[in-house]
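These numbers were taken from a predicted model, which means no experiment stands behind them. Counting begins at 1 with the first residue of the sequence.
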Amino acid sequence: MKTLILRRFFAIVSFIAISHMAASTANAEEVSMNADKNEQIIRAFISDWSRLDANRLVDYFAEGGTYHNMPMQPVSGHDNLQKFISGFIGGWSKTDWEIINLVSQDNIVMVERVDRTVVNGKQVDLPCVGVFEMEDGKIVLWRDYFDLATYTHALSQQTTE
């Protein structure tokens, strides 16, 4: 009788363990697919900066999403983001953001890049790191880190041809 009980016990424990492993694998696959989706969204977002279209860029954000351009105060909400980005790119005639490294896990995407922009006729090549927090395919928080002195120094140089 003890043997039968032990066999049933081990059968149940084995079943639970296998079920848990299957659920963990399914969850890991879902997390991986979510990270891949978020990565593709951020790649498209970075590419779309070259269009210089603030409305299009704001569409990538959740309604209450926040952009924190580190030297400045955070900006939240579609209306405020649209105004901020429009003002920010107002003097730009061209921009192309080169991705150096991109890593993603779960709902976080981190991008090392060089933003190559013509601002008021001056070439600015700005190394940056952006950290994106995603939810349901939208940016809920974007923090951008860069050296402000690199940006201001480039703007003080002669105009490009």
Does the side chain of [Y] come within less than 4.5 Å of [X]'s, by heavy atoms?
X: Ile41; Y: Glu39; result: no
X: Val118; Y: Thr95; result: no
X: Val129; Y: Phe146; result: no
X: Glu112; Y: Ile99; result: no
X: Val111; Y: Ile42; result: yes
X: Met70; Y: Asp144; result: no
X: Leu155; Y: Asn120; result: no
X: Leu126; Y: Thr117; result: no

With side chain to side chain donor-acceptor pair (under 3.5 Å) as the criterion, how do Asp125 and Gln123 come out once you've worked through the C-alpha distance, each side chain's angles and the decisive distance to 0.1 Å? CA-CA 7 Å; Asp125 293 341; Gln123 180 68 41; 2.7 Å; yes
With rounding to the nearest 0.5 angstrom, report the CG to OH distance, Leu57 to Tyr67.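 Reported value, rounded in 0.5 Å steps: 10.0 Å.
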Roughly how far, to the nearest 0.5 Å, is CG of Asp136 from CG of Asn107? 8.5 Å
Does any pair with a residue in residues 96-125 pass ring-ring contact (aromatic ring centres under 6.0 Å, His included), and if so which ones, sequence neighbours excluded?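 Residue pairs passing ring-ring contact (aromatic ring centres under 6.0 Å, His included), neighbours aside: Trp49-Trp97.
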Could you state whether [X] and [Y] fall into the same hydrophobic cluster, counting links through intermediate Ile, Leu, Val, Met, Phe, Trp or Tyr residues with side-chain heavy atoms under 4.5 angstrom apart?
X: Trp92; Y: Phe84; answer: yes
X: Leu81; Y: Val140; answer: no
X: Tyr145; Y: Ile108; answer: yes
X: Ile46; Y: Leu141; answer: no

Might you point out which heavy atoms bring [X] and [Y] nearest each other, and give the distance in Å?
X: Asp115; Y: Cys128; result: OD2-SG, 3.6 Å
X: Ser76; Y: Thr66; result: OG-OG1, 2.5 Å
X: Val109; Y: Ser104; result: CG2-CB, 3.8 Å

Donor-acceptor contact present, side-chain [X] to main-chain [Y], <3.5 Å:
X: His78; Y: Asn55; value: no
X: Asn38; Y: Asp106; value: yes
X: Ser156; Y: His153; value: yes
X: Thr152; Y: Leu148; value: yes
X: Asp53; Y: Arg56; value: yes

Under the rule for side-chain hydrogen bond (donor to acceptor under 3.5 Å, both in side chains), what residues qualify as partners of Glu133, not counting sequence neighbours? Arg143
Under a 3.5 Å cutoff, is there a donor and acceptor pairing between the side chains of Asp48 and Tyr60?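 Their side chains do contain a donor-acceptor pair, which is all the 3.5 Å distance test asks for.
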Can you tell me if Asn80 and Gln82 form a side-chain donor-acceptor pair at under 3.5 Å?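 There is no such pair between these side chains.
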Which pairs count as salt bridge (charged side-chain N to carboxylate O under 4.0 Å, His left out) when at least one residue sits in residues 87-100, sequence neighbours excluded? Glu98-Arg116
So Phe61 and Trp142, would you call those rings parallel, tilted or perpendicular, with 30° and 60° as cut-offs? tilted
Evaluation steps, side-chain contact (heavy atoms from CB on, under 4.5 Å), between Met134 and Phe132: CA-CA 6 Å; Met134 308 292 292; Phe132 299 87; 4.3 Å; yes
